[in-house]
Amino acid sequence: MIGLVKKKFYITTPIYYVNAEPHLGHAYTTIAADAIARWHKLKGEDVFFLTGTDEHGEKIEQAAQAAGKTPKRFCDEIAKNFKGAWKALNISYDNFIRTTDVNHVKAVEKTLKMLHGSGYIYKGKYEGMYCVGCERYRTESELVDGKCPDHLKKPEVVSEESYFFSLSKFHNILYQKIKHGDIEIKPDSRRNEILSFLENNKLEDISISREKVKWGIKIPWDDSHTTYVWVDAFLNYITGIGWPNKRFEEYWPADLHLIGKDILRVHATIWPAQLLALGLKAPKKFFAHGYFTIDGQKMSKTLGNVVDPVKLAKEYSSDAVRYYLLREFPFGEDGNFSEREFILKINGELVADLGNLIYRVLTLAEKFKGNIEGQPELDKHLHLDELEHYMENLELHKAIETIWEFVRATNKYINIKEAWKLKDKELSQVIYNLLEACRIISILVSPFMPDTSEKINKQLGVKAGGLKDCKFGEFTGKIKRGGYLFEKVEV
Ligand code: MSP
């Protein structure tokens with residue numbers, strides 16, 4: 001018999017710069033990617049989830065110097081903190097790539113030689129303004145009062161010999177691929193931005209090496225130059241699954257590159273061009289999510305409002321952080337983080353809706369000594385098709401709302417039935433529905449709140465299920481009531 005081949009799903013996050021400690025912005029993308037990866041696992045797919053750190057370039061060279069450390073040691077320390085943060089937030093990545101990994105470095109050298117050999121890299125002279133914060137050249141028209149609008153600093157004037165990549169050759173093919181959806185960009189507003197950018201500007205060749213910067217991958221045929229950090233960084237998406245090893249084809253092309261809106265343009269242009277020049281397939285899809293502010297202000301070191309996700313998870317639990325970030329802002333749009341709103345959500349939705357439901361159901365079920373059996377009644381409130389639709393469209397906040405409608409309907413069912421007054425068969429019927437609903441809720445919340453799901457399963461005495469188990473059947477668990485899932489927090 002031929003076995004069924006599982007559908008593969010390859011998802012990535014940006015690799016984060018190690019010039020600073022992980023903050024809530026990095027956590028946002030990574031948590032979203034984790035929830036999406038876990039969702040695809042629930043569907044029974046063969047998922048590969050890649051994240052990691054971007055460790056070369058001038059910005060990191062300078063940060064290491066300011067810290068009085070060698071770049072390597074500096075990177076080792078911060079990369080470790082990123083790993084620690086992802087552990088604290090229960091991130092289930094399959095590989096954590098560092099661009100200083102030997103395999104990655106070798107693979108980057110190989111691509112450079114290939115591109116040089118096929119004529120896509122040539123030598124020239126670059127004159128321009130470089131913003132170290134952005135790690136890219138900026139044009140006069142992008143500056144505000146002569147400063148980079150994102151980093152509020154004057155860019156450096158650079159005039160040096162440089163190797164160039166023939167990005168201009170890919171203008172038309174990229175435009176066509178994006179226009180026809182071979183490279184999908186979501187949300188649609190972002191896709192339109194990229195298309196109109198390509199309609200109004202001609203892609204120019206880009207400088208891909210720096211003479212001045214020492215902390216980088218040396219150009220293999222000219223060691224007086226190091227590779228431009230973005231060219232090195234993009235390649236993580238293929239080296240992280242083993243390129244040039246043939247097995248990388250099991251997962252390539254990526255099904256989803258999840259990124260913030262700040263880095264969409266470079267992703268949608270340079271990266272697919274690099275791939276096409278190497279004779280590889282372009283990724284299937286980019287999703288650019290929005291940025292959030294902290295209490296209405298941009299998160300920045302200068303303002304001293306950088307939020308540490310690990311501290312937050314320690315204080316309120318990692319599941320509460322995961323839940324709030326994905327529930328609060330429509331995924332794809334900008335939002336605002338406020339600790340007050342966060343606490344209100346914990347109290348209102350985690351404690352009062354979900355926590356309370358599990359506690360009430362388990363209390364009823366534990367007291368009941370008869371056989372638990374009945375006919376499904378609550379199933380009509382479970383809208384799996386709608387949920388699947390939202391997850392496929394990456395409308396994560398709506399997906400959570402759909403689950404919450406079911407949670408609320410289940411809570412309401414206890415009241416409508418006045419379960420505490422019932423006995424025998426009638427009580428069994430209600431408890432059966434409640435336990436099956438809780439078992440299904442536990443499966444559905446697992447991508448968002450894996451710890452909570454585990455706790456519910458333990459109390460119900462059931463094994464972790466998949467999406468195919470989200471239907472009312474026979475309840476076979478062994479009830480063991482535990483404590484409350486969430487603690488109320490004082491505002
Ligand atoms: N190293 C590059 C990416 C290379 S990918 C081949 C980089 N790193 S970064 O450390 O600056 O991370 C940027 C990403 O962090 C954003 O694209 C976004 O995913 C996330 N965020 C950073 N601040 C954020 C917010 N305030 N809000 C939401 N996401 C934020 O760029």
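Counting convention: from 1, in listed order, for ligands and their atoms alike.
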[atom]: which protein heavy atom is closest, and how many Å away?
{"atom": "atom 6 (C) of ligand 1", "result": "Tyr237 OH, 3.6 Å"}
{"atom": "atom 22 (C) of ligand 1", "result": "Tyr291 OH, 3.2 Å"}
{"atom": "atom 11 (O) of ligand 1", "result": "Tyr17 CD1, 3.5 Å"}
{"atom": "atom 14 (C) of ligand 1", "result": "Tyr16 CE2, 4.0 Å"}
{"atom": "atom 19 (O) of ligand 1", "result": "Thr29 OG1, 2.6 Å"}

Crowding at [atom1], [X] (>12 non-hydrogen neighbours, <6.0 Å):
{"X": "Lys154", "atom1": "NZ", "result": "no"}
{"X": "Lys284", "atom1": "NZ", "result": "yes"}
{"X": "Glu140", "atom1": "CD", "result": "no"}
{"X": "Glu77", "atom1": "CD", "result": "yes"}

Ligand 1 contact on [X] by region, counting heavy-atom pairs under 4.0 Å:
{"X": "His267", "value": "side chain"}
{"X": "Lys261", "value": "neither"}
{"X": "Phe292", "value": "both"}
{"X": "Trp271", "value": "neither"}
{"X": "Asp262", "value": "side chain"}

query: Rounded to the nearest 0.5 Å, how far does OG1 of Thr13 lie from CD1 of Ile31?
result: 12.0 Å

message: With respect to Ile15, determine whether any N or O atom, backbone or side chain, lies less than 3.5 Å from an N or O atom of ligand 1.
response: yes

Ligand 1 N/O within reach of Trp230 N/O, cut-off under 3.5 Å: no

For [X], the ligand 1 atoms whose distance to one of its heavy atoms is below 4.0 Å:
{"X": "His26", "answer": "10 (O), 12 (O), 15 (O)"}
{"X": "Tyr28", "answer": "28 (C)"}
{"X": "Asp54", "answer": "1 (N), 2 (C), 4 (C)"}

query: In terms of ring plane angle, is the pair Trp404 and Tyr323 parallel, tilted or perpendicular, where the classes change at 30° and 60°?
result: tilted

query: Can you say whether the rings of Trp230 and His267 are parallel (under 30°), tilted (30 to 60°) or perpendicular (over 60°)?
result: perpendicular

query: So, Thr12 and His257: side-chain donor and acceptor under 3.5 Å apart, yes or no?
result: yes

- request: Can you sort out the partners of His397 under ring-ring contact (aromatic ring centres under 6.0 Å, His included), two or more places apart, ordered by chain and number?
  value: none

- request: Decide if the gap between the ring center of Tyr228 and the ring center of Tyr137 is smaller than 6.0 angstrom.
  value: no

- prompt: Under 4.0 angstrom from ligand 1, any heavy atom of Lys298?
  reply: no

query: Heavy atom of His23 under 4.0 Å from ligand 1?
result: yes

Pairs satisfying side chain to side chain donor-acceptor pair (under 3.5 Å), at least one member in residues 303-317, at least two apart: Tyr316-Glu339

- prompt: atom 28 (C) of ligand 1: which of Gly52, Gly290, Gly260 has the nearest heavy atom?
  reply: Gly290

